[in-house]
2 protein chains.
Amino acid sequence: MGQELPITSYALLGLLTFGDELTGYELKRRADATLRFYWVSPAMSQVYSELARLTELGLVARVGEDPGAGRGARYGITETGRKELRTWMSTTPAGFAVLKHPVALRLLLGHVVDPATTKGMLRDHLVALDEERAALDEVRKSLEGADGPGEAFRYPSLVADWGLDYFANERRMIEELLRRLEEQT
Amino acid sequence: MGQELPITSYALLGLLTFGDELTGYELKRRADATLRFYWVSPAMSQVYSELARLTELGLVARVGEDPGAGRGARYGITETGRKELRTWMSTTPAGFAVLKHPVALRLLLGHVVDPATTKGMLRDHLVALDEERAALDEVRKSLEGADGPGEAFRYPSLVADWGLDYFANERRMIEELLRRLEEQT
DNA sequence: ACAGCCATGTAACTCGTTACATGATTAC
DNA sequence: GTAATCATGTAACGAGTTACATGGCTGT
């Protein structure tokens with residue numbers, strides 16, 4: 001226990017706790033679909049190397065047909081993996097969020113360019129924001145029906161609601177910033 | 001132009017556009033004070049290596065006394081640097097924010113541990129959130145007096161207001177999540 | 001027949017971190 | 001005098017990326 005794995009490893013391990021076994025490819029798709037809103041979705045190549053490491057550590061095991069090459073092999077979390085994940089979650093502090101927000105960074109440096117550039121950037125951001133919100137909205141909808149207390153997607157739906165609230169608030173704030181920037185000129 | 005520098009380099013370069021010249025140490029402190037809310041604040045050692053690279057590229061220049069060893073040398077942005085930063089900001093798309101939120105990740109995996117653990121984590125997060133907000137509040141206050149349109153700290157104060165709004169909203173949402181988790185037991 | 005997706009991996013590389021080393025100046 | 005802060009760097013390392021290589025399967 002306590003192999004000091006990076007958080008991304010635990011994240012991938014955690015994606016295998018929803019009752020099914022996945023190929024590396026499918027795990028990547030699941031990460032792209034849900035994890036990417038709260039964590040970085042690792043590159044395809046990293047998914048495979050993480051799976052190799054987790055297998056090595058016995059936290060994950062390949063299941064099903066194993067015809068030599070290992071094409072189409074599925075991976076599932078082991079009892080050891082489940083225990084390790086539980087220990088990590090309940091004994092190590094979560095730590096604070098790290099944000100890399102290029103729009104905020106550029107707004108901070110707004111005095112370097114002309115105001116129209118900054119306003120254009122904020123408007124572009126509104127579009128991007130709407131696209132992301134729409135994608136998360138799809139995810140949220142797909143969880144309906146199993147999102148009640150005690151049901152399978154209870155926690156994923158709580159996080160999705162949090163994410164949707166975040167997007168809504170950011171949209172509101174960007175619009176206010178645009179209004180404030182319009183005031184002068 | 002277009003040396004394809006990482007965003008962090010532009011961020012540090014940007015911190016040198018506020019009318020003063022800084023030592024590496026001071027630059028790190030400025031990054032810790034303001035940049036860290038919207039971007040990662042690089043490690044001390046990286047600040048020095050970035051300054052070396054930016055100097056090499058002529059985007060930054062050491063000014064003042066240069067007594068051999070270079071102790072206490074200050075760096076300032078050059079005309080070339082200013083131009084490069086402006087070009088970067090007005091011609092390359094900002095890109096979407098990347099969030100690494102350990103609390104959201106753990107909430108997503110809430111079914112792995114018992115509810116009390118998750119609730120405890122959220123309550124701890126409220127405390128951390130308040131500390132961060134207080135720190136940003138200090139920053140915001142220090143900008144007062146030069147935060148009007150056309151003034152020196154106009155843009156930094158806009159970003160700070162955005163950050164404060166973000167913290168307020170997150171606090172509200174975590175409280176709602178706690179309420180929702182309480183509803184069951 | 002060809003495009004597009006499913007599927008797995010290696011190699012080279014950059015970013016960024018921690019640990020370590022060193023020493024000057026300032027405050028108490 | 002000694003602790004804290006100012007100040008600068010090197011070295012080793014790990015996380016994570018992009019580019020590249022390879023090939024099967026499916027639909028049209």
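First the proteins, then the strands, lettered A, B, ... as listed; each starts at 1.
Whole-Å rounding puts the B/Asp32 CG to D/dC6 P distance at 12 Å. One can place CD of B/Glu56 at 16 Å from C1' of D/dG9, the figure rounded to the nearest angstrom. Rounding to whole angstrom units, CE of residue A/Met44 and C1' of D/dC20 are separated by 15 Å. Look at CG on B/Leu54: it is 12 Å from P on C/dC15, rounded to the nearest Å. To the nearest angstrom, C1' of D/dC6 lies 14 Å from CG of B/Leu22. Taking atom CG on B/Leu12 and atom C1' on C/dC15, their separation rounds to 13 Å, with Å as the unit. For the pair B/Glu50 CD and D/dT8 C1', the interatomic distance rounds to 16 Å; values are reported in whole Å. When the C1' atom of D/dC6 is taken as reference, atom CZ of B/Arg30 falls 17 Å away, rounded to whole Å.
Taking only side-chain atoms of A/Tyr48, from C-beta outward, the nucleotide of C/dA7, D/dA7, D/dA19 with the closest atom is C/dA7. Which of C/dC15, D/dG9, C/dA7 sits closest to the side chain of B/Tyr75 comes down to D/dG9. The listed nucleotides are D/dT8, C/dG16, D/dA15; the one nearest the side chain of B/Thr23 is D/dT8. Set against C/dC15, C/dA7, C/dT17, the side chain of A/Glu26 has C/dA7 as its closest nucleotide. Of the candidate nucleotides C/dA19, D/dA15, D/dA7, D/dA7 has the atom nearest to the side chain of B/Tyr25. Nearest to the side chain of B/Ser45, among C/dT10, C/dT17, D/dT8, sits C/dT17.
In this structure, B/Ser9 reaches neither bases nor backbone, as no heavy-atom distance under 4.0 Å exists between it and the strands shown. As judged by a 4.0 angstrom heavy-atom cut-off over every strand, A/Ser49 is placed among residues making no nucleic acid contact.
Side-chain nitrogen and oxygen atoms of B/Lys100 include none within less than 4.0 Å of the OP1 or OP2 phosphate oxygen of C/dG16. Contact between the side-chain N/O atoms of A/Arg29 and the OP1/OP2 oxygens of C/dC5 is not found at any separation under 4.0 Å. Phosphate proximity of C/dT8 to A/Arg62: absent, as no side-chain N or O sits under 4.0 Å from OP1 or OP2. The phosphate of C/dT17 (OP1 or OP2) has a side-chain N or O of B/Gln46 nearer than 4.0 angstrom. The side chain of A/Arg74 contributes no N or O atom lying less than 4.0 Å from OP1 or OP2 of C/dT8.
B/Leu99 and A/Tyr10 fall into different hydrophobic clusters, where Ile, Leu, Val, Met, Phe, Trp and Tyr side chains are chained together by heavy-atom contacts under 4.5 Å.
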Assess the residue pair B/Glu50 and B/Val47 against the criterion (side chain to side chain contact (heavy atoms under 4.5 Å, CB included)); give the C-alpha distance rounded to whole Å, side-chain angles, the decisive distance to 0.1 Å, and a yes or no. CA-CA 5 Å; B/Glu50 288 293 351; B/Val47 171; 5.9 Å; no

Passes side-chain hydrogen bond (donor to acceptor under 3.5 Å, both in side chains), A/Thr92 versus B/Arg106? Steps please. CA-CA 11 Å; A/Thr92 66; B/Arg106 284 168 187 232; 2.9 Å; yes

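A/Phe96 and B/Phe167 have tilted rings, their planes meeting at an angle from 30° to 60° on a 0 to 90° scale.
Here the options are A/Trp162, A/Trp39, A/Tyr166, the test is ring-ring contact (aromatic ring centres under 6.0 Å, His included), and the partner is B/His101; only A/Trp162 passes.
Around the CZ atom of B/Arg29, the shell of radius 6.0 Å holds no more than 12 heavy atoms that belong to other residues, nucleotides or ligands.
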